[in-house]
> 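Input: one structure, supplied below.
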Amino acid sequence: MEEIYAKFVSQKISKTRWRPVPPGSLQTAETFAIGSWDNEENSVSLWSIGDFGNMDSDGGFEGDHQLLCDIKHHGDVMDLQFFDQERIVAASSTGCVTVFLHHPNNQTLSVSQQWKAAHHHTGPGSPTYSSAPCTGIVCDNPEIVTVGEDGRINLFRIDHKEAVRTIDNADSSTLHAVTFLRTPEIVTVNSIGQLKIWDFRQQGNEPCQILSLTGDRVPLHCVDRHPNQQHVVATGGQDGMLSIWDVRQGTMPVSLLKAHEAEMWEVHFHPSKPDHLFTCSEDGSLWHWDASTDMPEKSSLFHQGGRSSTFLSHSISSQANVHQSLITFWLSTDTAKDRLEITSLLPKRTLSVNSLDVLGPCLVCGTDAEAIYVTRQLFS
Amino acid sequence: MLGQEQQLICVNSKKKQMCFEWGPGEMLVCETSFNKTDKSEKVPSCPFIYLIRKDVDVYSHILRKLFNESHGIFVGLQRIEEELTGKSRKTQLVRVSKNYRSVIRACMEEMHQLAIASKDPACGHQFSSQVSILSAMELIWNLCEILFIEVAPAGPLLLHLLDWVRLHVCEVDSLSADVLGSENPSKHESFWNLVTVLVLQGRLDEARQMLSKEADANPPSAGMCHILGDLMRTMPILSPGNTQTLTELELKWQHWREECERHLQDNTFAASPHLESLCKIMLGDEATLLEQKELLSNWYHFLVTRLLYSNPTVKPIDLHFYAQSSLDMFLGGESSPEPLDNILMAAFEFDIHQVIKECSIALSNWWFVAHLTDLLDHCRLLQSHNLYFGSNMREFLLLEYASGLFAHHSLWQLGVDYFDYCPELGRVSLELHIERIPLNTEQKALKVLRICEQRQMTEQVRSICKILAMKAVRNNRLGSALSWSIRAKDAAFATLVSDRFLRDYCERGCFSDLDLIDNLGPAMMLSDRLTFLGKYREFHRLYGEKRFADAASLLLSLMTSQIAPRSFWMTLLTDALPLLEQKQVIFSAEQTYELMRCLEDLASKKPESGQPDAQRLQDDIETTKVEMLRLALARNLARAIIREGSLEGS
């Protein structure tokens with residue numbers, strides 16, 4: 001059984017993110033960042049998870065996450081992304097986008113770059129800016145894309161003081177989230193149930209494609225792209241529905257899955273096991289969607305090869321086979337949904353789970369009840 | 001309740017009269033003309049404004065953990081209420097009570113760590129005083145748990161009370177570590193203190209082990225130590241798994257006691273005053289016990305020790321008698337009881353209401369009384385008690401606590417669930433409070449909306465959406481504004497926003513926010529103007545797609561069905577011009593007649609207006625337009641008649 005550890009941190013948590021592990025390293029996740037919201041004074045902080053996995057039973061503070069460092073953040077932290085190992089990009093409700101630099105030697109955080117008023121409203125008749133919350137960020141070194149309530153899309157480069165590209169009035173309603181599709185292409189979701197694809201190579205302020213939910217215009221709050229299949233996109237809506245889209249075809253979602261009872265705040269494909277999906281919601285639940293339930297039969301073929309010399313080729317072909325099933329799973333229709341196994345990861349429902357992140361076998365999530373939950377045995 | 005004053009602004013006006021103002025939530029803002037400290041004498045004529053917070057503890061950083069964690073327990077308790085029956089009910093409630101206590105203890109632990117680590121003495125002092133408050137809360141809660149929730153009968157009652165005392169008088173553990181850690185424990189200066197405390201707390205096994213150390217180190221007293229050790233070993237106690245009856249126990253206990261007395265009379269321990277005193281303690285000798293005031297540290301410890309060695313099967317109803325006499329004896333008329341003593345005494349008297357009342361007065365927050373009262377209410381102990389105002393006591397205290405949470409910048413979300421479980425006034429309070437939450441981002445607004453929608457608070461939903469729509473209009477975000485007014489089902493506002501869209505179209509000649517307008521769907525029916533906006537945009541789309549016939553009939557129907565506002569008719573008719581000028585005939589004869597009627601209708605009802613110059617110019621343009629339209633319509637009519645005639649003829 002997966003064990004999940006809770007810690008109360010005296011601030012409402014809007015975002016939790018694992019620090020990426022260096023590529024190719026065998027390390028597991030051990031540091032995460034959290035952002036707070038709706039406090040009189042908000043902050044971005046870095047935490048390290050305790051050694052609770054190996055600790056003996058009488059260790060008084062098992063499961064205790066240790067605060068490494070924190071820094072004040074002006075306004076609510078609306079989104080948080082690691083740019084690389086040391087840098088964290090934070091979106092603020094004041095419309096400001098800040099890059100924080102972590103100094104591991106003396107465990108401090110400092111501001112290394114800031115784009116003030118990255119998002120703002122231009123009021124009728126008055127040239128003065130009134131700030132608009134920045135709602136979403138996505139990073140792909142060296143680029144940072146931000147979206148906001150002002151319906152604007154900004155493209156920043158880490159070493160540039162000014163935005164490289166700005167699409168004003170990209171959306172008539174609020175943009176809630178953004179992610180990269182393929183490098184020059186991004187996908188945004190908005191508050192009238194639309195998914196828009198933008199290509200930075202194209203000039204002009206029009207998206208190259210609009211996909212939308214039919215009829216009800218249910219706002220979409222989050223979006224994530226399948227790590228291997230770049231045309232497969234998952235979104236979560238205000239009604240708690242999980243939608244899977246194939247952006248190559250159609251203008252409607254491929255499948256709609258009834259999920260949470262209130263806003264789905266985040267959806268994440270597992271970065272290395274994309275047949276696992278994680279969602280969290282305003283209703284206080286955190287779900288693990290497992291589409292790999294039919295895997296054992298397929299991998300039994302894998303083991304038939306034994307230690308013979310044919311093993312290698314055999315395994316490759318069967319792996320390809322397995323892979324094929326992954327490609328099709330999220331896009332397949334109703335019959336496949338029986339194979340989907342859904343587990344609720346939090347013991348009891350309380351207040352909204354605002355954010356989650358998965359990396360390897362580790363998951364971290366944060367709630368409005370001011371608690372962080374961490375598990376390190378997602379797949380045991 | 002304690003208050004906290006916080007100086008806000010120094011107002012340099014002439015001495016004004018003092019005034020009070022109930023601010024949002026729990027804050028009292030008042031202006032005074034006198035200074036509190038002599039420091040401010042430098043600015044003698046300067047009245048201050050003070051901000052007074054009623055529920056100070058809500059603002060403590062660490063106590064936030066207490067509030068959040070106990071919120072989960074509280075909600076859990078309300079939810080399991082339906083399933084609770086019979087025996088499992090009591091165990092469940094005791095478990096809930098223990099959960100609450102463990103949260104208090106965790107907070108206390110953290111606060112204690114902070115107090116130690118704190119470098120600033122004032123700050124450290126503040127933390128330590130918080131620790132002692134939390135410790136007192138836990139002490140009271142634990143006693144209430146034993147007496148009211150566990151409702152332990154004679155026998156087990158004393159065991160619970162012993163645990164209670166052991167948990168809260170815990171200096172003995174550090175003392176024990178100290179003594180046992182030394183090279184020669186029995187020569188340690190606190191050795192006898194330790195043995196005495198162990199006996200006072202009824203930890204006789206440990207006391208025996210200490211005595212055996214003394215016996216080893218001091219052979220002449222070995223015999224006496226052995227005898228006393230045997231007495232300790234043979235003392236009959238009630239063990240949880242044992243089936244013996246209380247009468248059996250009492251009988252055994254009486255025999256044991258007689259044996260102790262015999263040893264005392266035989267002067268067995270005469271050679272060692274320490275051992276003799278221990279034996280007297282084990283006989284419950286009050287004078288000897290009172291000699292140990294220092295070690296007992298408080299009267300309730302004295303009470304429990306006294307009961308342990310004089311009346312181990314004390315009945316709950318007799319408790320208050322022993323408690324009162326213990327308090328009197330312990331204080332010995334030297335000092336008067338403190339609030340904590342009164343609270344504990346009220347509990348021993350089984351006067352729940354007095355306990356809650358005293359706690360409300362003594363403690364600096366509503367958390368404790370609200371949660372304790374709620375739990376006791378679940379034990380069905382408070383049903384009969386109604387207040388002369390509002391509702392019952394449980395609800396009154398929960399409302400106070402929740403209002404305190406709502407006054408806080410971020411804890412308001414917790415307050416919602418507390419209001420939910422106040423059947424009488426909870427909803428009204430929630431309605432009043434929820435509207436006052438500042439909405440700085442849409443995400444926060446969505447959370448507040450969700451709270452309102454789940455509770456069918458339509459009025460609040462409407463008002464929040466309206467606020468957001470207004471904000472969006474101010475920021476020139478018409479698309480957003482329209483979305484919000486659609487969500488609020490606010491027809492009037494949707495009309496207003498639609499008008500803005502149409503006006504922008506007239507000014508700029510193109511539509512903004514097409515992604516929204518093209519996807520209105522059924523929401524279009526919300527208001528006539530919105531329908532018109534959607535349909536008018538559809539006309540443009542059809543025209544763009546060169547579906548002229550469809551476009552033409554849509555355009556006409558917009559006017560004939562009266563959906564289009566009359567002020568917009570001229571624009572629509574002008575839009576018809578290019579259709580009339582197409583090579584092929586698009587408007588049929590009948591449609592053309594309709595158009596003509598619309599045009600004449602419009603031209604005849606032109607209002608007479610007063611602004612001369614600008615109006616005249618405008619009128620000139622209008623007249624030209626009308627002339628052009630008449631011409632185009634007439635030509636189209638001619639073509640249509642010919643075409644229709646020839647079609648029919650062929």
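To find a chain, count down the sequence lines: A is the first, B the second, and so on, and within it residues start at 1.
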> Does the side chain of N68(B) reach to within under 4.5 Å of the side chain of D368(A), using non-hydrogen atoms?
no
> Who among G193(A), G75(A), S172(A), A262(A) has the most heavy-atom pairs with chain B under 4.5 Å?
S172(A)
> Just so I understand: if I count every heavy-atom pair under 4.5 Å between each of S352(A), S191(A), G151(A), A132(A) and chain B, which residue has the most?
G151(A)
> Quick check for you: to the nearest 0.5 Å, what is the distance between K12(A) atom NZ and H409(B) atom NE2?
9.0 Å
> Tell me, for L446(B) versus chain A, whether the close heavy atoms (under 4.5 Å) come from the side chain, the backbone, both or neither.
both
> Using the side chain to side chain donor-acceptor pair (under 3.5 Å) definition, which of the options E263(A), E282(A), E261(A) pairs with R450(B)?
E263(A)
> Kindly compute the distance separating OG (S173(A)) from CH2 (W484(B)), expressed to the nearest 0.5 Å.
10.5 Å
> What are the two closest heavy atoms between T174(A) and S480(B), and how far apart are they?
OG1-OG, 3.6 Å
> Of all of N169(A), D283(A), D150(A), T135(A), which one pairs up most often with chain B through heavy atoms under 4.5 Å apart?
D150(A)
> At a 4.5 Å cut-off on heavy atoms, which part of W412(B) comes close to chain A: side chain, backbone, both, or neither?
side chain
> Passes side-chain contact (heavy atoms from CB on, under 4.5 Å), V416(B) versus L351(A)? Steps please.
CA-CA 10 Å; V416(B) 175; L351(A) 296 183; over 6 Å; no
> Heavy-atom pairs under 4.5 Å with chain A: which of K444(B), H71(B), R79(B) has the most?
K444(B)
> Hey, which of V9(A), T367(A), T94(A), N39(A) has the most heavy atom pairs under 4.5 Å with chain B?
N39(A)
> Take atom NE2 of H540(B) as the centre, draw a 6.0 Å sphere, and report whether it contains more than 12 heavy atoms from other residues, nucleotides or ligands.
yes
> Would you find a donor on one side and an acceptor on the other, under 3.5 Å apart, between the side chain of T441(B) and the backbone of S93(A)?
no
> Taking every heavy-atom pair that is under 4.5 Å apart, which of V75(B), D417(B), N440(B), L478(B) has the most such pairs with chain A?
N440(B)
> Are side-chain N/O atoms of D38(A) and S410(B) paired as donor and acceptor at under 3.5 Å?
no
> Report the option among R477(B), E442(B), K65(B) that has the most heavy-atom pairs separated by less than 4.5 Å from atoms of chain A.
R477(B)
> Could you measure the distance from the CD1 atom of I192(A) to the CD1 atom of I517(B)? Nearest 0.5 Å is fine.
9.5 Å
> Counting only heavy atoms closer than 4.5 Å, note whether A523(B) contacts chain A via side chain, backbone, both or neither.
side chain
> When you look at CE of M241(A), are more than 12 heavy atoms from neighbouring residues, nucleotides or ligands closer to it than 6.0 Å?
yes
> Got more than 12 heavy atoms from elsewhere within 6.0 Å of CD, Q209(A)?
yes
> Are R474(B) and H121(A) close enough that some pair of their side-chain heavy atoms sits under 4.5 Å apart?
no
> Does any non-hydrogen side-chain atom of E370(A) lie less than 4.5 Å from one of F67(B)?
no
> Drop me the distance from K447(B)'s NZ to N354(A)'s CG, to the nearest 0.5 angstrom.
3.5 Å
> Side chains of Q443(B) and W265(A): closer than 4.5 Å at any heavy-atom pair?
yes
